[in-house]
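Please read the structure below before turning to the comments.
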2 protein chains.
Amino acid sequence: MSGSRISTLGSALADPTRAAALAALLSGTAHTSGELARACGVAASTMSSHLGKLVDSGLVRVEAAGRYRHYRIASREVADLLERIDEVDLPETATPRRPSPGRDLSYARSCYDHVAGQLGVEIHDTFVDRGWVELDESDPNHHGVSLTDAGDRFLSQALGIDVAALATRSRRPMLRIDIDWTERRNHLAGAVAAELMTLMLEEKWLRRRTDKRVLTVSETGKAKLAEHFDIRV
Amino acid sequence: MSGSRISTLGSALADPTRAAALAALLSGTAHTSGELARACGVAASTMSSHLGKLVDSGLVRVEAAGRYRHYRIASREVADLLERIDEVDLPETATPRRPSPGRDLSYARSCYDHVAGQLGVEIHDTFVDRGWVELDESDPNHHGVSLTDAGDRFLSQALGIDVAALATRSRRPMLRIDIDWTERRNHLAGAVAAELMTLMLEEKWLRRRTDKRVLTVSETGKAKLAEHFDIRV
DNA sequence: GCGTCATTTCGACCCGGAGCGAAACGTGAG
DNA sequence: CTCACGTTTCGCTCCGGGTCGAAATGACGC
């Protein structure tokens, strides 16, 4: 039955060490087996065993690279799922009141290759409010989100992102919306969102912290976010 | 770290018996401890232990009812998450080619309280194609989906569903879209979708099979689906 | 070829937890 | 009150799997 699928995936997620490895990989960057072993505080052999299970389960994919092996999350779909699991609201969990330490840590973070967290939500809202995105009805079977002319203009003139060029060199969807309807917190994903985060990192608006998923906003970033998105950090 | 949340939830899902119990509960109806024990083929004491863990994890909620105790999925959000986990495409899993036995079994099924599966997708597509739903921009902080006048008219005239009355007696969102962007398969959820499925069951368009999640389309249903939604089963 | 280094495989240990039956608890019926 | 029945708790067994160190494998550089 379908239940066995759930338990199989659940088993893969059940171990704290594997979950820590996945959390590290959720930054979107690949890591070697040794890096992950050190990061999670276990022996290399232990991490090797865990990574084997994660690969078998289909959550993680591995590429040979000389004498190293690079592990990464298998797909954006998997990354999205893991983020959703990480954020789902479990009613009975006595809600450990995470506003205190949680606010700063979760204000901005990366989800695979795009910006999520509160900052991701605010960027999304700006795109919607200013009419830079619209529901794409052109193809009846493709209820996606597409960039408006105004959105395209903003990206090229203000940020120097050439969406047309991006489309030619990347086959993935240009723009998606990762949605959490129950929380009414959406953020942008897809190639454009990935490019946007890359730019923010390269231009040093954002910096990765030691925990690779957490992003901090620099002084430059505060100014730029206010200038371009009217976001006050 | 956030990883521990994932592993906690993973542990709750890791056991096949617990997964089977969750699958049974995903039909949206409540079940007693004994029913679930028989359905999953384990002793009552074993199921009691599993249900205790599921309640502790926040996935399941329980209500005392005389000398019975009714267990149900904790929230729609949890049901949505479980459905997503159940359907996520794990690349390396050697994709067991599910079209053969999967097609019939998954054509129509219930997800908590609304119709999902291929039929759910087709109903959603009809609502979109005919302009019965639209992106709700009225409240800038509420990027939901709302029924258009045409949609409201269809529901009341063709099916006798009074959306205004529904809104007064139910505080939950009238309409949501459960989205799987990567698969481009969306289906309708929310109070209206729940009411729609209830009507289809009462009017015997659909019938629950022994596996409570699976729905079969009756002859009446085929005619009605063709008439109202132009869906050929 | 040989040493080095990252990684995986093997063997041994041990703890968590899934399973059952029996007994205890709680509620409803007579 | 007492019995019947659904459910939970307890005590127990047993298996799976997470952990490590040691040894084997595979690549690179000299």
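By convention in this document, chain letters (A, B, ...) are assigned in the order of the sequence lines, proteins followed by strands, and residues within each chain are numbered from 1. Just so you know, these numbers come straight off a predicted model, no measurement behind them.
The shortest distance between the side-chain N/O atoms of B:Ser45 and the OP1/OP2 oxygens of C:dG19 is not below 4.0 Å. Taking only side-chain nitrogens and oxygens, A:His50 comes nearer than 4.0 Å to OP1 or OP2 of D:dT19. Proximity of B:Ser33 to the phosphate of D:dG6: no side-chain N or O atom is located under 4.0 Å from OP1 or OP2. Contact check, A:Tyr71 against C:dT8: a side-chain N or O comes under 4.0 Å of OP1 or OP2. The phosphate of C:dT7 has neither OP1 nor OP2 within less than 4.0 Å of any side-chain N or O from A:Ser48. The phosphate of C:dA18 (OP1 or OP2) has no side-chain N or O of B:Thr17 nearer than 4.0 angstrom. Side-chain nitrogen and oxygen atoms of B:Arg18 include at least one within less than 4.0 Å of the OP1 or OP2 phosphate oxygen of C:dA18. At the phosphate of C:dT8, OP1 or OP2 sits under 4.0 Å from a side-chain N or O atom of A:Arg69.
Listed for the A:Glu83 side chain is no donor-acceptor partner under 3.5 Å among the backbone atoms of A:Asp80.
Listed nucleotides D:dT7, C:dG19, D:dC20 differ in distance to B:Asp15; the shortest reach to its side chain belongs to C:dG19. Distance from the side chain of A:Arg67 is smallest to D:dC28 among C:dT8, D:dT9, D:dC28.
A donor-acceptor pair shorter than 3.5 Å can be found between the side chains of B:His31 and B:Thr29.
Heavy atoms of A:Ser49 sit nowhere under 4.0 angstrom from any nucleic acid atom.
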